[in-house]
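Scroll down for the structure; my scribbles are underneath it.
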Amino acid sequence: MAEGFGKGCHLHLIDGSAFIFRAYHALPPLTRKSDGLPIGAVSGFCNMLFKYVEEAKGADAPTHVAVIFDKGSHTFRNDLYDQYKANREAMPEDLRPQIPLTRTATEAFNIACKELAGYEADDIIATLARQAREAGGRVTILSSDKDLMQLVGGGVEMLDPMKNVQIGPEEVEKKFGVTPDKVIDVQALAGDSVDNIPGAPGIGIKTAALLINEYGDLETLLERAGEIKQPKRRQTLIDNADQIRLSKQLVTLDPETPIDFTLDDLEVRDPEPETLMKFLNEMEFRTLTRRVAEKSGTTPPPALEPVAKATGGAAEAGGSAVTLPEAAPFTPENYVHIKDAATLAKWLDKARARGWLAIDTETTSLDEMQADLVGVSLAIEPNEAAYLPLGHTEGGDDLFGGAQLVPEQMGLQEALALLKPVLEDPSILKIGQNMKYDFKILARHGIRMAPIEDTMLLSYSLHAGLHGHGMDTLSDRYLNHQPIPIKDLIGSGKSQITFDKVPLEKAVAYAAEDADITLRLWQLFKPQLHAQKATTIYETEERPLVPVLADMEMAGVKVDASVLARMSNVFAQKMAQLEDEITEIAGQKFNVGSPKQLGEILFDVMGVEGGKKGKTGAYSTGADVLEDITTMEDRNPAAAKLASAVLDWRGISKLKSTYTDALQTHVNPETGRVHTSYSIAGANTGRLASTDPNLQNIPVRSDEGRRIREAFVAPEGRRIVSLDYSQIELRILAHVAQIDALKQAFREGVDIHAMTASEMFNTPVEGMDPMIRRQAKAINFGVIYGISGFGLARNLRIPRAEAQGFIDRYFERFPGIRQYMEDTTAFAKEHAYVETLFGRRINTPEINAKGPGAGFAKRAAINAPIQGAAADIIRRAMVRMPEAIKGIDATMLLQVHDELIFEVAEADVDRLIATAREIMEGAAEPAVKLDVPLIVDAGQGLSWAEAH
DNA sequence: AACTTCACG
DNA sequence: GACGTACGTGAAGTTC
C-alpha cells in the first residue's frame, strides 16, 4: 500500500457526544468512591470504548479511527440563527465535570480525539468523511444521529453502535423517504424541534419527502411552489421560503471545516496497557481495569488508597452509588422452547434446586380480567431461560373457522398441573416484573403464586423519583440492553395481532428474554435494598400489597350500567340544547369542545380583552378564565352569557365522556363489574394510581357529578361501606413539624381550620366566620403543597399582597412549619432525596438544578414526606386488612388515597366498620407512634353515593 | 404525540 | 431583581 490514507483504507468516525450522552443516561449516577466525583458517564463511555476496541479487531477492521467531540456551545449556526438549539436543556450538573474526562479517556485508549471551536462534531465528521471518500477509502460513522445521515453513500455508511445495525442508503431512505443526497432538503422543510430548526410550519418528514420527490429538489420546489394544489401547503411554502432556506443552511453539514490535522494522523494504534490501566485505576473502574489486564496479560495496578472522603456532597444521593456487575452478554440462541412435560419437569427441577425462578406470562390482552394465557417463560440464571407456549393458534380469521392450536405445545392443563406445586411452593421464590399482572393471570387458573419478588417494586423502592420502572427502562438503564420491542412481534395500531398469533420461534426469543432480564434485574437490585435502607418499605408495604391489590382488582365493583346509560341520555340532550344556545350567542357554529376555536370566538370575534395565550399561541380558556368572563355582564354581556353556557356544557361533557359513557364500556361482561387496575409504582410519593378505568377520580365535589356514584352499588343483601381518614396529611404535618398547637387541636378533636383561623386572626373558634375559616383552610392545604403567595392568591382569588400577608402571619404563629419546610429543602439539597416517617425514600434529582425546575422540585420535596407518609399508612392498613377481616363477609374493593371501600353483607356492616377502623387507625404502629390520633370516618349504604 | 382541560385526594 | 409558582395523579378530546 502506498503511503497515507487511500484506497483500501477504512476510517471509523465515532460521534463522541452521542457516546457520552448515551453513557450518561444508560447508567445510574455513579460516583467515585474515594471522593464522590460523578463518573457514571465516564464509566459508561470507557465501557463503550473498550467494547468498541475489542469488536473492531474483526474482519472488517478499521485502519484509521477518531472520536469527534463538540467544542463549546457556540457555532457558526448560532451566528446564522440565534434561536439554533435554543430550547436545548442545559447540561446536567453532574455531567459537566465528566466531559473533559471523556477526552482523557479517549487518549488513554490511544484513539485520536478531535474537536474544533466554532464547529459541531458533525461538521468535522462531514469533512473527514469527504476527505476519506475522495482519497478512495471507506468510512463508517458510529452514530445513529439522523443529522449525519446526509453523509451516507459513496463509500460512507453509518453504524448504530447500540443496536449494532448498519445504516446505508436504504435505511436512510426508509427514514426520510428520499435518497441521502436529498435528506437536507427534507430536513429543511420538516424542521427539527430538538435543534429548534424552524422548517415549514405544518410540514413533517412525510409531506416533505413527498414534495421533494415530486419537484426534485428544494430550490425547484420553492420556485414552483405556486403550482401546489393544496392551498394551505402552497401558502406555507410561499410565506416561509426564507425560513426554509435558512433551515437548509442550518442542517447542512460543513464538509470544509478548517481542521489542522490529516487523515494520516488518525491511524489505528493499539492501546498501551500501562497508560490505559493507569487511567482506569485512577477512575477506580475496578472491573474494567481487570479486564484490560486480562487482555494484555499484565497484572492490574493495586487499587489506590482511598483518600479522605470529601465532606458532604449530594453526589451519592438517592440509591445511586452502585457498581454494575460485569454483565454477561445476552445469548438468545441459548433460550429453550419447552415442548413436552419431560422438558418442563427438568426446568422445574432446576428451580427447586436453585430456590428461585423468574417468571413471565404471555397473554392475549393487557386487561388481566379478559386475557387468555398464551405461554409462560422461565429463567434460572442469566441466559438460562425458556418459553413454554400453551395457547398459540393459527387460522380462525375466516367467518366460521375456529382457530387451531399450533403443534409443538404442551397441553394447558397438563402444564398448569406441573407448574402449580412449584409456583405455590413456599421454599421457591417466584420473581417477576410487575407481578400483580402474572399473579392475576395465574390466579384465574387456580394458582396463587407465593412467595413472590417483583423487580418493578424493587426498582420503585430504590429509585422512586429517578425514572420509571417498566422493564424496557430498567433493562436499558441497568443492563445496557434493549429488549425486543413487542411491536416487532404483534405490530401496532389497526393491524396489531394478539400474542397467540405470534410464531413460536419469535415468541421464544421475546418471552424468554423477558424472564432473563427479570432475573438479571433481580440479581442486581436485591442486594442493594439493604445498602439503600429500602428493605423495610419493600418488605412491609410494596411486596405484600401485590396479592392484596390483585384480589381487589379481581373482585371489582358492581356498577349498574343502566343508571349510567340513563344519565348519558339526559346529558346528551342537555348538551345539544346548550350547543344550540351557544351557536346562537356566538352567531356561528363551532366546535365547543375546541379550546382553540372557543378562544378565537371569545377574544377575537367578540372582543373580550385580556386573553392570554399559552406557549402554543392558543388562548387559554380554562374554567377560571371563563368564570372571569361571566362576570363581565355589563361590559360584554354576550361573551358573559357564552362563557357561562360553555362552562355548563363542559361540565356535562366531562361527566358524559369520562364517566357515564366510558364507565359503561368498562363493565366486564362476565362479572357485570368494573375491574380497575392499580399501579403500585406509578406515583413517586407512594400513592397508588388507578387506571382503566381510573376509579380514584369519580366526581364528588358537585351535586350533579356525585350522582355518578349512585351507579356504584352493592348486590342484593350487601352494602357499600366507605372508611376514610380525617385530615390525615395535616395530622402528619403536625407530627413531623412538631407543632404543639396543631397537635393539641387534633387531640381535642376541634375543627382544625377554624382553629387555624382563630390563631391567625385572634378570633374565637365559636361562631367563626365561614369565609375566614375557608381562607384558613386554603392556607392549611397550601402549606402541605409548599405554599407561595402567588398560588394562595390565585386559589383564594385575592390580591397577591394580601395572600402574602396571610402566609407571613401564619408562619409567625406557626414558626415550626417554616422551620420544617426549610429543614426539608436543606435535607433534599444535601441528599437529593427526602424520606417519610416510615423510611420511604423519594428521590428529588432536580432539587439542585438551576432554573424554574428548582421551584417545582422544592415544593415537591416539601410535599413528598407528607403525602408519602399518608400513603405509607394506608398501604400498611391495606396489607393487614385481609387477615383482619377474615371472619367477616366483606371484600375490600377500592382505595382512593385516604379512603377504603368495601362490599359487606348487610349483617356484618357494623363488625366490618369496627374492625377496619381499628386497623386503619392503628396502621402507623408499631413502626411509628404518632403524637396525634388518626381518626377514621365511616359511612354505609346501597351505593357509593350513600356510603361516602 | 403534545397540549389543554378537568375529575379526584 | 426577575421568573414562574401551590402537591400528586389519569382520561378524553383536539390539533398537528
Side-chain angles (χ1 to χ4, degrees), chain A residues 190-191 193 201-204 206-207 232 464-465 590-599 614-626 646-647 650-659 661-663 665-666 676-679 682-702 704-706 708-709 724-725 727-729 733 778-796 800 803 807 842 850-868 870-871 874 894-899 948:
Chain A
S193 56
I203 291 187
K206 283 259 164 70
T207 314
K232 212 173 166 185
F590 70 100
N591 185 349
V592 187
S594 162
K596 186 165 171 269
Q597 295 177 31
L598 173 65
K615 56 180 159 184
T616 53
Y619 290 110
S620 169
T621 66
D624 48 347
V625 175
L626 296 187
V646 170
L647 280 170
R650 280 205 185 149
I652 298 166
S653 165
K654 177 82 176 180
L655 293 179
K656 181 170 187 293
S657 67
T658 309
Y659 300 105
D661 286 355
L663 271 176
T665 71
H666 281 286
T676 184
S677 180
Y678 289 101
S679 50
N684 293 334
T685 52
R687 274 195 178 180
L688 298 176
S690 160
T691 65
D692 309 300
N694 181 354
L695 295 186
Q696 291 182 319
N697 71 345
I698 303 300
V700 70
R701 292 174 189 171
S702 77
E704 199 169 28
R706 190 158 49 231
I708 289 169
R709 295 187 175 217
D724 68 286
Y725 285 106
Q727 311 280 13
I728 187 166
E729 294 193 350
L733 176 70
I779 297 174
N780 276 332
F781 275 105
V783 165
I784 292 171
Y785 297 151
I787 199 161
S788 75
F790 182 94
L792 184 65
R794 199 172 60 174
N795 190 286
L796 285 176
R800 193 172 158 174
I807 293 171
I842 298 117
K850 297 203 168 68
F856 284 107
K858 182 181 156 187
R859 293 189 295 272
I862 290 171
N863 175 256
I866 301 169
Q867 189 181 112
I874 198 163
L894 303 173
Q895 188 251 45
V896 193
H897 309 308
D898 64 357
E899 174 186 15
H948 190 82

Spacing of the P atoms in B/dT4 and C/dG4 (rounded, Å)
15 Å

Under 4.0 Å, counting only non-hydrogen atoms across every strand here, what does A/A854 touch: a base, just sugar-phosphate, or nothing?
nothing

Classify every nucleotide of nucleotides 4-9 of chain B by which part a protein heavy atom approaches to under 4.0 Å, writing B for the base, S for the sugar-phosphate alone and - for neither, in 5'-to-3' order.
SSBBBB

Testing the basics here: between A/S657 and A/A662, what is the closest heavy-atom pair and its distance to 0.1 Å?
O-CB, 3.4 Å

Using a heavy-atom cut-off of under 4.0 Å over every strand shown, decide if A/N684 touches base, sugar-phosphate, or nothing.
sugar-phosphate

Interface limits on DNA chain C, where chain A has a heavy atom under 4.0 Å of a nucleotide atom:
C/dG4 to C/dC16

Read 5' to 3' with Watson-Crick or G-U pairs under 3.5 Å, [ ] for crossing pairs and | for partners on another strand, DNA chain C gives ......|||||||||.

Value rounded to 0.5 Å, distance of CD1 in A/I787 from CD1 in A/I862
10.0 Å

How would you label the contact of A/S788 with the nucleic acid (heavy atoms, under 4.0 Å): base, sugar-phosphate, or nothing?
base

Base, sugar-phosphate or nothing for A/I787? Non-hydrogen atoms, less than 4.0 Å.
base

For B/dT5 and C/dA6, measure between their P atoms and round to the nearest Å.
14 Å

Which part of the nucleic acid, if any, lies within contact of A/R800, taking any heavy atom under 4.0 Å across all strands shown: a base, the sugar-phosphate backbone alone, or nothing?
base

Give a yes or no on whether the backbone of A/I866 and the side-chain of A/E729 come within a donor-acceptor separation of less than 3.5 Å.
no

Between OG1 on residue A/T676 and CD on residue A/Q895, distance to nearest 0.5 Å
10.5 Å

Under 4.0 Å between a side-chain nitrogen and a carboxylate oxygen: does that hold for A/E704 and A/K656?
no

If every non-hydrogen atom of A/Y678 is compared with every non-hydrogen atom of A/L688, which pair is closest and at what distance?
CD2-CD1, 4.1 Å

Do A/F790 and A/R800 have side chains that approach each other closer than 4.5 Å (heavy atoms only, starting at C-beta)?
yes

Quick check against the 3.5 Å criterion: does A/T691 have a side-chain atom that pairs as donor or acceptor with the backbone of A/N694?
no

Looking only at atom C1', what distance separates C/dA2 and B/dC6, rounded to whole Å?
31 Å

Mind checking if A/A662 touches a base, just sugar-phosphate, or nothing, with heavy atoms under 4.0 Å?
sugar-phosphate

Test your reading of the model: is there a side-chain donor-acceptor pair from A/R687 to the backbone of A/G868, 3.5 Å cut-off?
no

Which part of the nucleic acid, if any, lies within reach of A/F781 when heavy atoms closer than 4.0 Å are counted: base, sugar-phosphate only, or nothing?
nothing

Drop me the distance from A/I203's CD1 to A/K232's NZ, to the nearest 0.5 angstrom.
10.5 Å

Taking A/G786's backbone N and O only, do any of them form a donor-acceptor pair with A/R859's side chain (distance below 3.5 Å, no angle check)?
no

Which part of the nucleic acid, if any, lies within contact of A/G855, taking any heavy atom under 4.0 Å across all strands shown: a base, the sugar-phosphate backbone alone, or nothing?
nothing

